[in-house]
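Data first, discussion second: the structure below is written as structure tokens.
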Amino acid sequence: AQSVTQLDSQVPVFEEAPVELRCNYSSSVSVYLFWYVQYPNQGLQLLLKYLSGSTLVKGINGFEAEFNKSQTSFHLRKPSVHISDTAEYFCAVSDLHAGGTSYGKLTFGQGTILTVHP
Amino acid sequence: DVKVTQSSRYLVKRTGEKVFLECVQDMDHENMFWYRQDPGLGLRLIYFSYDVKMKEKGDIPEGYSVSREKKERFSLILESASTNQTSMYLCASSHAGGRKTQYFGPGTRLLVL
């Protein structure tokens with residue numbers, strides 16, 4: 001079974017500063033990794049995902065994440081944040097069984113609330 | 001534009017009532033999911049369905065049931081609502097397979113008194 005740990009429950013940051021949201025996972029098999037964002041009073045939407053290939057993944061709104069297999073991490077970064085990035089961010093791992101099959105179920109982390117201050 | 005809709009944004013029910021939450025997607029997705037979102041716990045999977053009339057338990061199915069009679073519609077049923085089921089409920093859908101993006105509805109905030 002997979003599990004996901006987001007190391008920070010809240011991250012306050014000033015506008016135009018860089019930010020890193022940390023995510024570690026555990027799994028006995030290969031995984032697919034996702035970052036979703038939830039703006040206030042909305043559902044979740046996909047920021048980016050790692051399936052295979054290059055370990056640096058670029059997403060929407062200037063975000064990127066790096067898959068590190070040896071450290072089982074998938075940290076999310078943005079070099080310069082905006083007020084509009086204030087939201088809750090969720091890291092998730094997809095079930096991927098031996099042989100490459102998957103139902104597409106996701107296991108989510110606890111969420112990180114990013115608050116960008118002017 | 002992809003769309004997942006949920007029947008209510010806010011719902012207030014009494015303890016013991018039977019509660020129906022409905023979710024509809026217009027993307028011809030095979031998979032549909034019901035999650036519960038609580039502060040500090042993230043999203044937890046209640047049930048999912050990978051085909052019409054097919055369902056699988058997620059991590060926290062106790063106190064819930066589901067129904068999928070048509071491909072586009074997935075219902076979550078609280079047979080006898082309890083106060084500990086006060087939460088945000090999110091529906092999602094996706095095509096089959098682990099690589100696929102899940103698309104989420106706006107959520108239903110349920111309060112059980």
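All values derive from a computational prediction rather than experimental measurement.
Of the atoms belonging to A:Q42, it is backbone heavy atoms, and not side-chain ones, that fall under 4.5 Å from chain B.
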Mind listing the side-chain donor-acceptor pairs of residues 50-60 of chain A below 3.5 Å, one per line with the distance, residues two or more places apart or on another chain?
unit_1: A:S54; atom_1: OG; unit_2: A:L56; atom_2: N; d: 3.4
unit_1: A:S54; atom_1: OG; unit_2: A:L56; atom_2: O; d: 3.4
unit_1: A:K58; atom_1: NZ; unit_2: A:E64; atom_2: OE1; d: 2.8

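Each of A:T107, A:V4, A:L106 has some count of heavy-atom pairs under 4.5 Å with chain B, and the biggest count is that of A:L106. Ranked by heavy-atom pairs shorter than 4.5 Å toward chain A, the options B:G40, B:C91, B:P39 are led by B:G40.
Checked by atom type and distance alone, the side chain of A:Y36 pairs as donor or acceptor with a backbone atom of B:Q102 at under 3.5 Å.
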Q) Passes side chain to side chain contact (heavy atoms under 4.5 Å, CB included), A:F108 versus B:L41? Steps please. A) CA-CA 9 Å; A:F108 284 86; B:L41 296 178; over 6 Å; no

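Heavy atoms only, all atoms of each residue included: A:K105 and B:F48 are closest at CD-CE2, 3.2 Å. When all heavy atoms of A:N41 and B:R9 are compared, the closest pair comes out as O-NH2, 2.9 Å.
In the hydrophobic cluster analysis, where Ile, Leu, Val, Met, Phe, Trp and Tyr join through side-chain heavy atoms closer than 4.5 angstrom, A:L48 is grouped together with A:L33. No single ILVMFWY cluster, assembled from side-chain heavy atoms under 4.5 Å apart, contains both B:V52 and B:F74. At a threshold of 4.5 Å between side-chain heavy atoms, the hydrophobic network of Ile, Leu, Val, Met, Phe, Trp and Tyr places A:F14 and A:L21 in two separate groups. B:L45 and B:L21 are assigned to two separate hydrophobic clusters, defined by single-linkage of ILVMFWY side chains at heavy-atom distances under 4.5 Å. By the rule that hydrophobic residues join a cluster once side-chain heavy atoms approach within less than 4.5 Å of another member, B:I46 and B:L11 end up as members of one cluster.
Between A:L47 atom CG and B:T101 atom OG1 the span is 11.0 Å, to the nearest 0.5 Å. One distance of note links CG of B:L43 with CG of A:L44; it measures 5.5 Å at 0.5 Å rounding. With values rounded to the nearest 0.5 angstrom, A:Q38 atom CD is found 6.5 Å from B:M88 atom CE.
Side-chain contact between A:E88 and B:Q37 is present, with at least one heavy-atom pair separated by less than 4.5 Å.
Under a 4.5 Å side-chain heavy-atom criterion applied to ILVMFWY residues, the cluster that includes A:I113 comprises that residue alone.
Along residues 103-113 of chain B, the residues that come nearer than 4.5 angstrom to chain A, judged on non-hydrogen atoms, are B:F104, B:G105, B:P106 in order of number.
Each salt bridge (charged side-chain N to carboxylate O under 4.0 Å, His left out) pair with one or both residues in residues 6-17 of chain A, not counting sequence neighbours, appears once here: A:D8-A:R22.
Atom NZ of B:K100 has 12 or fewer neighbouring heavy atoms from other residues, nucleotides or ligands inside a 6.0 Å radius.
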